[in-house]
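Here is the structure we will look at.
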Amino acid sequence: MSFTARVVVASNRAAAGVYADTSGPLLVEGLRELGAEVGEPVVVPDGEPVAKALRAAIADGVNVVLTSGGTGCTPTDFTPEMTRPLLDREVPGIAEALRHRTADRVPHAILSRGVAGIAGRTLVVNLAGSKGAAKDGLVVLGPILAHTVDQIHGGDH
């Protein structure tokens, strides 16, 4: 099953052009390999611009939105706070699986506050903002994305 997707990168420095984001292109490539129709990453500063990008994706009817960044404990990390109010239903097992996937290799992975859930007919998943988190996120999400999109649109178990 093909589906539409969007990648939103929350990074003050990448949005300001201080450096090039590396997690977004990895996520785009991985989503395309999974059969998704996805454009280039949308890179925005942390905070309200993340919520604005998510609202736009939801309004556009995108099936899956993956965010990268803004899930940690720094004073500017607000991606979960921007995501949660937009969700109709959370899917905590996804966020738990993402943290569990790397916790044995990267103990700081448990500090990710990312959430996952359904907003309208869009699955939104927060990933930590690193290349490793992007790769691990695709390993966790790859087997479930098409099925999840199908279920969100009324498919059977």
Side-chain angles (χ1 to χ4, degrees), residues 4-32 34 36 38-60 62-142 144-145 148-149 152:
T4 59
R6 189 167 298 166
V7 173
V8 176
V9 176
S11 171
N12 290 331
R13 291 177 290 174
V18 173
Y19 62 72
D21 167 63
T22 56
S23 64
L26 262 171
L27 290 170
V28 166
E29 179 184 335
L31 285 165
R32 287 179 180 156
L34 293 171
V38 57
E40 294 306 306
V42 177
V43 181
V44 296
D46 288 305
E48 180 56 34
V50 174
K52 183 178 178 183
L54 290 174
R55 285 192 297 270
I58 295 162
D60 290 345
V62 174
N63 299 130
V64 175
V65 179
L66 301 184
T67 69
S68 176
T71 63
C73 298
T74 75
T76 61
D77 287 330
F78 287 105
T79 297
E81 288 76 18
M82 297 298 110
T83 304
R84 193 172 280 114
L86 303 176
L87 301 178
D88 299 309
R89 296 181 287 162
E90 286 197 39
V91 185
I94 293 175
E96 292 164 9
L98 291 167
R99 282 185 280 273
H100 180 74
R101 165 87 183 149
T102 54
D104 60 334
R105 291 178 286 121
V106 183
H108 295 144
I110 64 171
L111 296 176
S112 173
R113 300 176 308 103
V115 299
I118 302 161
R121 291 185 170 241
T122 302
L123 175 67
V124 181
V125 179
N126 299 154
L127 301 172
S130 70
K131 287 170 51 173
K135 290 176 186 176
D136 286 335
L138 290 166
V139 169
V140 170
L141 296 170
I144 66 162
L145 283 183
T148 307
V149 169
I152 291 170

**Study point:** Minimum-distance pair of heavy atoms, taken over all atoms of G24 and V7
**Key:** CA-CG1, 4.0 Å
Check your understanding: Does I110 CD1 have over 12 foreign heavy atoms under 6.0 Å away?
Key -> no
Check your understanding: Should V64 and V125 be marked as a side chain to side chain contact (heavy atoms under 4.5 Å, CB included) after you check the CA-CA gap, both sets of side-chain angles, and the distance that decides it?
Key -> CA-CA 8 Å; V64 175; V125 179; 5.6 Å; no
Practice item. Check side chain to side chain donor-acceptor pair (under 3.5 Å) between S130 and all other residues, then give those that pass, not counting sequence neighbours. Key: none
Practice item. Determine whether T122 and R6 make a side-chain contact, defined as any pair of heavy atoms from C-beta on separated by less than 4.5 Å. Key: no
Review point. Are any of the side-chain heavy atoms of V124 and L86 separated by less than 4.5 Å?
Key: no
**Study point:** Full working for side chain to side chain contact (heavy atoms under 4.5 Å, CB included) between V106 and D136
**Key:** CA-CA 11 Å; V106 183; D136 286 335; 5.9 Å; no
Check your understanding: Can you list every pair that meets side-chain hydrogen bond (donor to acceptor under 3.5 Å, both in side chains) and has a residue in residues 80-92, with sequence neighbours left out?
Key -> E81-R113, T83-N126, R84-E90
Check your understanding: For A119 and I58, which heavy atoms make the closest approach, and how far apart are they?
Key -> CB-CD1, 3.4 Å
Check your understanding: Would you find more than 12 non-hydrogen atoms of other residues, nucleotides or ligands less than 6.0 Å from R32 atom CZ?
Key -> yes
Check your understanding: Hey, does I144 have a side-chain heavy atom less than 4.5 Å from the side chain of I94?
Key -> yes
Exercise for review: Would you mind reporting whether L145 and L31 have side-chain heavy atoms less than 4.5 Å apart?
Suggested key: yes
Exercise for review: Quick one: closest heavy-atom pair of A128 and A133, and the distance?
Suggested key: O-CB, 3.4 Å
Practice item. Measure across V8 and A53 and return the closest heavy-atom pair with its distance rounded to 0.1 Å. Key: CG1-CB, 3.9 Å
Review point. Do the side chain of S23 and the main chain of G129 share a donor and acceptor less than 3.5 angstrom apart?
Key: no
Practice item. List in chain and number order the residues that pass salt bridge (Lys or Arg N to Asp or Glu O under 4.0 Å) with R99, two or more places apart in sequence or in another chain; answer none if no residue qualifies. Key: none
Point to revise | Expected output: side-chain S68 to main-chain V9 donor-acceptor under 3.5 Å | key: no
Study note, to complete from the structure: Taken in chain and number order and not counting sequence neighbours, the residues that satisfy salt bridge (Lys or Arg N to Asp or Glu O under 4.0 Å) with D77 are none
Check your understanding: Is a side-chain N or O of N63 found less than 3.5 angstrom from the main chain of T4, in a donor-acceptor match?
Key -> yes
Revision key, fill the gap. Taken to the nearest 0.5 Å, the spacing of L66 CG from L27 CG works out to 6.0 Å
Check your understanding: For E96, which residues count as a salt bridge (Lys or Arg N to Asp or Glu O under 4.0 Å) partner, sequence neighbours excluded?
Key -> none
Revision key, fill the gap. Shortest non-hydrogen pair, G30 vs L138, comes out as CA-CD1, 3.6 Å
Check your understanding: Tell me, which pairs form a salt bridge (Lys or Arg N to Asp or Glu O under 4.0 Å) where one or both residues lie in residues 116-125, sequence neighbours left out?
Key -> none
**Study point:** Non-hydrogen side-chain atoms of K52 and V44 separated by less than 4.5 Å
**Key:** no
Exercise for review: May I ask you to decide if F78's main-chain N or O and D46's side chain share a donor-acceptor pair within less than 3.5 Å?
Suggested key: no
Check your understanding: Are L34 and L141 close enough, and set up right, to give a side chain to side chain contact (heavy atoms under 4.5 Å, CB included), and what steps lead you there?
Key -> CA-CA 10 Å; L34 293 171; L141 296 170; 5.7 Å; no
Point to revise | salt_bridge(E29, K135) N-O dist < 4.0 Å | key: no
